[in-house]
Amino acid sequence: MPGRFFLTTPIYYVNDVPHIGHAYTTVTADALARWHRLLGDDVFFLTGTDEHGLKVARSAEALGRTPQEHADQTSARFAEAWELLDISHDRFIRTTDPDHHAAVQAMLQRIKDNGHLYKETYAGWYCVPCEAYYEPDDLDPNPDGGPGLCKIHGRPVEWFEEDNWFFRLSAFEQPLLDWYERCPDAVAPAGKRNEALGLIKGGLKDISITRTSIDWGVPVPWDPGHVFYVWYDALINYATAVGYGTDPERFAAWWPHVHHLLAKDILRFHCVYWPAMLLAAGEAPPAHLNVHGYLLVGGEKMSKTRLNQIFPADLVEEFGVDGFRFHFLRHAPFGPDGDVSYEGIVAGYNADLANNFGNLLSRVATVVAKKCDGIGPAPRPDSPLAAVAAEAYAEAAAAWEAVQPSVALDATWRLIREANALLEATEPWKAEPGPEVDAVLGDALEVLRLVCILASPALTRATVEAWRRIGLEGRPDEQRLPDAAAWGGYPGGLPVEKGGPLFPRIKPAA
Ligand code: ME8
C-alpha cells in the first residue's frame with residue numbers, strides 16, 4: 001500500500017567541504033527515496049545545511065565576510081555536490097531560512113511553557129568544531145600540557161563561561177527508557193540502539209541550550225541577547241520542513257513517521273537529545289533513526305586535520321555518477337564502519353558493472369542483432385528465470401525496507417548472474433536462429449527490464465540508457481512496484497540497440 005515516506009539526512013556543517021562521508025549518507029537516502037517513489041509512496045526527502053554557531057561565525061570573520069555571506073557561499077557547495085550526484089531531494093533546508101527561525105522559536109517556547117527550561121551560569125570546556133561542552137573525563141590528554149584534546153577533532157578545548165538557559169534533560173531519563181521499550185525498532189541497527197540505551201542508562205545531565213557569547217543564531221524570543229545553541233536549532237530542521245510552527249496540519253500529517261539517517265558521530269544528539277526535546281514539546285519522538293558507521297580512509301575517519309578526505313568529484317571523474325553511487329550503496333553496508341580504497345572501487349566496478357550488468361546488455365544486444373534482426377523477442381512465461389526474479393524482488397524489497405541497500409543490490413545482481421549463466425549454458429550466439437534462441441534472449445531481455453527498475457535507485461543514468469536500448473518506452477524510474485516486478489513485462493517485438501559499453505572497464509592502476 002503506497003503511503004507517506006519522510007526521509008532525512010543530517011544537515012551538514014557549512015564549514016566542511018562535502019566529502020564522500022557526507023555523500024555516503026546522502027546517496028543512501030537518495031536511493032531509499034527513489035525506491036519508495038517506485039513503490040508509489042508520497043516521498044518527502046530532506047537534506048540541507050547547518051549554518052549557525054561559533055565555528056561559522058569565526059570562519060566568516062577570518063575571511064572578512066558576514067556570517068550570512070559565508071554561509072551562502074559554503075552552503076552552495078553542498079547543493080552543487082548533490083546536483084553532481086543526482087540527489088533528488090524535495091527540499092534543501094538552510095538553518096538561515098525564515099520558516100526555520102519560526103519553528104525553532106515555536107518549539108523552544110513550547111518546551112519553556114511546559115516547564116522544562118531554567119536559567120543558570122555555565123562554565124566548562126568547549127570544543128568549537130563540535131559545538132559542544134565536554135567533561136574533563138571525555139577528553140584525551142594534551143601532550144603539550146594545555147587543555148585536554150577533543151576525541152573527535154584531536155584539538156584542545158576552550159574554557160567558556162556564560163549565562164545559559166538549560167534544558168531539564170535529566171527529567172527525561174525514564175520517559176526515554178519507556179520510549180525505547182515501547183518502540184524497540186526505532187533506533188537501528190541493534191548495536192547502535194544499545195549504544196544509545198547505554199548513554200541514557202549512564203545518567204543524563206541537564207544541558208545548556210542557549211549562548212550569549214555569539215549572535216549568529218536564532219534569537220531566544222523571551223531573553224534578548226541569547227541565541228539558541230546550534231545543535232538545538234539544527235535538530236529542529238526536521239520539524240520545520242514538515243510545517244512545525246507554520247503549518248500545523250502539514251506537521252500532523254507527516255510527523256512522527258520520519259526516517260532519520262545519520263552516522264554514529266551524532267548518535268547522542270539524535271537518539272537521546274532529539275527525542276527528549278520532542279517529548280518536552282509534547283510531540284512524539286521520531287519513528288525511525290537509522291545509524292551507520294564511518295567510512296574510513298587508511299583505517300581512520302576522514303577529517304580535515306588528517307588530510308585524508310576524498311571528494312565526490314574526484315571519484316565521479318573516473319567512475320561516473322553511477323559508479324560512485326553504486327560503490328557506496330553496494331560495497332559499504334549500512335551499519336558497520338567500512339574502509340574505502342581505490343583498488344576496492346575499481347574491483348567492484350569491473351566485476352559488478354562492467355562484467356555483469358554491462359556484459360549482459362551487450363551480449364543480448366549483439367545476439368539479438370545477429371540472430372533476431374535486431375528485434376527483441378518476448379520472454380517465456382515458464383522461464384527458469386521467473387522464480388529467480390520473484391525471489392530477487394522479494395529479497396530486494398525487504399532489504400530496502402530494512403535500509404540495507406547493499407543486500408538489496410546483491411539480490412538484484414544475483415538475477416543478473418543467473419541470466420548470464422543461462423546464456424553461457426545455452427550459447428545462443430552459436431545456435432541457429434529459431435524459437436530456442438528467441439526464448440533465451442527473451443528471458444534475458446526480461447531480466448534486463450527488471451534490473452533496470454530494481455537498480456534504478458542506485459544507477460540513475462545507466463538504467464535509463466539500458467531501458468532505452470532494449471526498446472522500452474518511458475523510464476525505469478517511472479514504473480510502479482510491485483506490479484512492474486511481475487515476470488513477463490517485456491513485450492517483445494521491440495528494436496534493440498547495440499551501443500557502446502555501458503560501463504567501460506577500468507584498468508587497475510599499476
Ligand atoms: O554533525 N563516514 O554535521 P557534519 C560516514 N551539522 N559518514 C560521514 C563521515 C564519514 N567519515 N563523515 C561525515 C553535523 N559523515 C551536524 C548535523 S543534524 C540535525 C546536524 C556524514 O557536517 C554522516 O552522516 O559534521 C555524519 O553523521 C554527518 O556527515 C555529520 O555531518
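For ligands, and for the atoms within them, numbers begin at 1 and follow the listed sequence.
Both the sub-6.0 Å distance and the 45° axial angle are satisfied by Arg4 relative to the ring of Trp254. Relative to the six-membered ring of Phe44, Arg250 meets both conditions, a distance below 6.0 Å and an angle of at most 45° to the axis. Cation-pi geometry between Lys119 and Phe166 is not met at under 6.0 angstrom from the ring centre and within 45 degrees of the axis.
Taking the charged nitrogens against the carboxylate oxygens, Arg91 and Asp99 do have a contact shorter than 4.0 Å, which makes a salt bridge. Under the 4.0 Å criterion applied to side-chain N and carboxylate O atoms, Arg34 and Asp30 are assigned as salt-bridge partners. Salt-bridge check for Arg37 with Asp477: failed, with every basic side-chain N at 4.0 Å or more from each acidic carboxylate O.
When each of Tyr122, Phe172, Tyr118, Tyr273 is checked for a ring pair (Phe, Tyr, Trp, His ring centres under 6.0 Å) with Phe167, only Phe172 meets the rule.
No side-chain donor-acceptor contact under 3.5 Å links Asn356 and Trp413. Judged purely by distance below 3.5 Å, without hydrogens or angles, the side chains of Glu51 and Thr49 pair a donor atom with an acceptor atom. There is a side-chain donor-acceptor pair under 3.5 Å between Thr47 and Thr9.
Contact annotation: for Phe269 versus ligand 1, there are no heavy atoms closer than 4.0 Å. Residue Thr25 touches ligand 1 through its side chain alone, judged by heavy-atom distances below 4.0 Å. Proximity of His292 to ligand 1, defined as any heavy-atom pair under 4.0 Å, is confined to the side chain (atoms from C-beta onward).
Two rings, from His19 and Phe311, have their centers 6.0 Å or more apart.
Heavy atoms of Asp16 stay at 4.0 angstrom or farther from ligand 1. Residue Trp231 places a heavy atom under 4.0 Å from ligand 1. Heavy atoms of Tyr238 come nearer than 4.0 angstrom to ligand 1 in at least one pair.
Looking from atom 28 (C) of ligand 1 to the surrounding protein, the closest heavy atom is Tyr12 CE2, 3.9 Å. Counting protein heavy atoms only, atom 4 (P) of ligand 1 is closest to Tyr13 CD1, 3.7 Å. For atom 2 (N) of ligand 1, the closest heavy atom belonging to the protein is Leu295 N, 2.8 Å. Counting protein heavy atoms only, atom 13 (C) of ligand 1 is closest to His19 CE1, 3.7 Å. Shortest contact from atom 17 (C) of ligand 1 to any protein heavy atom: Ile11 O, 3.2 Å. Ile266 CG2, 3.4 Å is the protein heavy atom nearest to atom 1 (O) of ligand 1.
Remark: ligand 1 atoms within the under-4.0 Å shell around heavy atoms of Ala234 are 19 (C). With ligand atoms numbered from 1 in the order given, ligand 1 contributes 19 (C) to contacts under 4.0 Å with heavy atoms of Leu235. Heavy-atom contacts of Met302 reach the following atoms of ligand 1: 11 (N) (cutoff under 4.0 Å). The distance from ligand 1 to the heavy atoms of Tyr294 drops below 4.0 Å at these ligand atoms: 2 (N), 5 (C). Counting atoms of ligand 1 from 1 in the listed order, those under 4.0 Å from a heavy atom of Asp50 are 6 (N), 16 (C), 20 (C). Within ligand 1, counting atoms from 1 as listed, the ones closer than 4.0 Å to a heavy atom of Asp265 are 26 (C), 27 (O), 30 (C).
Comparing Gly21, Ala29, Gly293 by heavy-atom distance to atom 21 (C) of ligand 1, the nearest is Gly21.
Taking a 6.0 Å sphere around NZ of Lys151, one finds it holds more than 12 heavy atoms contributed by other residues, nucleotides or ligands.
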